[in-house]
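Written out below as C-alpha cells is the structure these notes cover.
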There are 2 protein chains.
Amino acid sequence: MGRWEPNARGRLERAALELYLERGFERTSVAEIAERAGLTERTFFRHYTDKREVLFAGSMALQELLVDTVARVPEPATPMDAVTAALGAAAAMLQERQEHARRRQAVIAANAELQERELIKLASLSAALADALRQRGVDDASASLAAEAGIAVFKIAFRRWAGQAGQAGQAGQKDLSQFIGESFAGLKAVTAGT
Amino acid sequence: MGRWEPNARGRLERAALELYLERGFERTSVAEIAERAGLTERTFFRHYTDKREVLFAGSMALQELLVDTVARVPEPATPMDAVTAALGAAAAMLQERQEHARRRQAVIAANAELQERELIKLASLSAALADALRQRGVDDASASLAAEAGIAVFKIAFRRWAGQAGQAGQAGQKDLSQFIGESFAGLKAVTAGT
DNA sequence: CAGCTGATGTCAGTCACTGTCATCAGGTAG
DNA sequence: CTACCTGATGACAGTGACTGACATCAGCTG
C-alpha cells in the first residue's frame with residue numbers, strides 16, 4: 001500500500017462537485033474541498049491551477065477526441081462534414097456520462113465565474129478544431145469559421161439537452177446527437193437566406 | 001466646483017488601461033490604479049465589480065446599439081439581414097475609436113482572465129441579439145442560431161482587424177466592416193456544403 | 001439653519017493563490 | 001543492508017482581490 005490514499009485528483013474532483021452542489025460554488029472554500037478529500041489546501045493547488053479548474057479536468061480529453069475524429073474523417077469531406085463527425089463523437093462521449101454532465105452543468109449554470117471558464121474552454125475547443133481542419137488542408141479563414149460555427153451549434157444543442165435532462169430518468173428523452181443534428185439544420189437554414 | 005474631481009469613472013478607466021499597458025494586468029494592483037486616479041482602492045470597487053470589469057465598461061453601450069439596430073431594421077428582413085445590420089452598426093462604432101480599441105485589445109490578448117471576461121461579454125451580446133430577434137417574431141431556435149453565428153463572424157472579423165491594426169497608421173488598412181462582410185460570406189460558403 | 005444625500009475615505013476581515021522549506025515511504029545504487 | 005534520491009504531501013507565512021461596517025462632509029432642500 002502506498003504512503004497516501006490513491007487517486008488524489010479523483011477525490012478532489014468528487015469532493016468539489018459535491019460541495020458545489022450542496023452549498024454553491026461561492027460558498028465553498030478550497031480548504032473545505034481539500035478537507036473532504038483528506039488533503040490540504042496547498043495540495044489542491046498543486047493539482048489544479050484554481051478553484052474553478054477542478055470542474056474542467058475532462059475538457060482536455062474532449063479536445064483530443066474532437067481533434068482525433070477530425071483527423072480520421074476519410075476524404076472526400078467538406079470542412080463541415082469533418083466538424084459534424086467530431087461533434088457526433090463528442091455527443092457520444094457526453095451521452096455516456098449523462099448524469100455527471102447534468103450535475104456539473106447545474107453547478108456551472110448557477111455561477112458566472114464558472115460560465116466564463118466554460119466559455120474559454122469552448123474557445124479552446126474551437127481553436128483546436130480549426131487547427132485540425134487546417135491539417136487537412138482547409139484554408140485558414142474557412143477553418144476558423146467552420147470551427148466556430150460547429151462550436152456554436154454544440155453550445156445551443158448542449159444547452160437544450162442539459163435543460164431537458166433536468167427531469168432525468170423520464171421517458172422520451174432526446175439524445176444530445178439529435179439536438180446537434182437539429183441545430184445544424186437550423187444553422188444551415190438561417191445562413192442560407194439573405 | 002464639486003467636492004471631488006469630476007468623472008471618477010473616466011479617471012479609473014484611463015489609469016487602468018495605462019497601467020495594464022505599462023506593466024501588464026497581473027502586475028498591476030487595484031491600489032495602484034486607484035492611486036493614479038486620485039482615489040482609494042475601496043472606491044474603485046464601488047464603480048467596478050472587479051479588477052477586470054474596468055476594461056469592459058463600454059460593452060453595455062455596444063449591446064444597446066445591437067439591440068436598437070435589430071429593432072429598427074425594416075420589414076421584410078431575414079434574421080440574418082437584421083444581424084448583418086447590427087454588426088454593421090457595431091463596426092462603425094468601433095471603427096471610430098480604432099486606436100482605443102487596439103490598445104485595449106492588446107491588453108486583453110495578453111491575459112487569459114481578461115479573455116474569459118471578453119468571452120462572457122460576447123455571450124451576453126449574443127443573448128441580447130437573440131432576444132431582439134425574438135421580439136421581431138423570429139422563432140426561438142433560429143434566433144439563438146442567427147445570434148451565435150453573427151457573434152462568431154464578429155469575433156473572427158474583429159480578431160483579423162485588430163491584428164492588422166497592430167501596425168497602426170499605415171496605408172491600406174481595411175475597415176472592420178470589410179472584414180465582417182468577408183467573414184459572413186465565408187460562413188455562408190462553409191455552411192452551404194454538405 | 002437643520003437635516004438629508006451621495007460619493008468618498010478608513011479599517012478590519014476573509015479567502016484565493018504563491019513561495020519556501022520540511023517530511024518521509026518507496027525505489028535505486030553500491 | 002545502507003545511503004541516497006525522488007515525488008507527493010504538509011506546514012506556514014505571505015500578497016492581493018474583494019467585502020462589510022462605519023465615518024465624513026459639500027451641497028441641496030425645506
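Only this structure's heavy atoms are used, side chains among them; waters, hydrogens and symmetry mates stay out. Below, chain A is the first sequence line, B the second, and so on; all start at residue 1. Note that the structure is predicted; figures quoted are calculated from it, not measured.
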> Would A/Arg159 count as a cation-pi partner of A/Phe154, with NZ or CZ less than 6.0 Å from the six-membered ring centre and within 45° of the ring normal?
Replying inline: no
>> Distance check needed: C/dA16 C1' versus A/Ile33 CD1, whole Å only.
In response: 11 Å
>> Using whole Å, what does the distance between atom P of nucleotide C/dC17 and atom CG of B/Asp50 come to?
In response: 13 Å
> For DNA chain D, which residues in residues 41-48 of chain B have a heavy atom at a distance below 4.0 Å?
Replying inline: B/Glu41, B/Arg42, B/Phe45, B/Arg46
> Within the side chain of B/Gln115, is there an N or O that forms a donor-acceptor pair under 3.5 Å with the backbone of B/Ala109?
Replying inline: yes
>> A/Arg72 and side chain to side chain contact (heavy atoms under 4.5 Å, CB included): which single residue from A/Asp68, A/Thr69, A/Val70 fits?
In response: A/Asp68
> Would you say the side chain of B/Phe45 lies within less than 4.5 Å of the side chain of B/Arg42, judging by non-hydrogen atoms?
Replying inline: yes
> Rounded to whole angstroms, how far apart are CZ on B/Arg11 and P on C/dA7?
Replying inline: 14 Å
> What integer distance in Å separates B/Glu5:CD from D/dA26:C1'?
Replying inline: 14 Å
> Starting at CH2 of A/Trp4 and ending at P of D/dT6, how long is that distance when rounded to a whole Å?
Replying inline: 15 Å
> To the nearest Å, how far apart are A/Glu116 CD and C/dA16 P?
Replying inline: 17 Å
> Listed by chain and number, what are the side chain to side chain donor-acceptor pair (under 3.5 Å) partners of B/Lys51, not counting sequence neighbours?
Replying inline: none
>> Nearest whole Å is fine: how far is D/dC18 P from A/Lys51 NZ?
In response: 13 Å
> In residues 12-32 of chain A, which ones come under 4.0 Å of DNA chain D, going by heavy atoms?
Replying inline: none
> When the distance from CG of A/Leu114 to P of C/dA16 is rounded to whole Å, what number comes out?
Replying inline: 13 Å
> When rounded to the nearest 0.5 angstrom, what distance separates CG in B/Leu87 from CZ in B/Phe158?
Replying inline: 12.5 Å
>> Given the ring of A/Tyr20, does A/Arg103 sit roughly above its face, with NZ or CZ under 6.0 Å from the centre of the six-membered ring and within 45° of the axis?
In response: no
>> Using side-chain heavy atoms (C-beta onward) and a distance below 4.5 Å, is A/Arg160 in contact with A/Ile156?
In response: yes
>> As a test of reading the structure: which of D/dT9, D/dT24, C/dT8 is closest to the side chain of B/Ala8, going by heavy atoms?
In response: C/dT8
> Do you know which two heavy atoms are closest between A/Gln63 and A/Ser124, and how far apart they sit?
Replying inline: OE1-OG, 3.0 Å
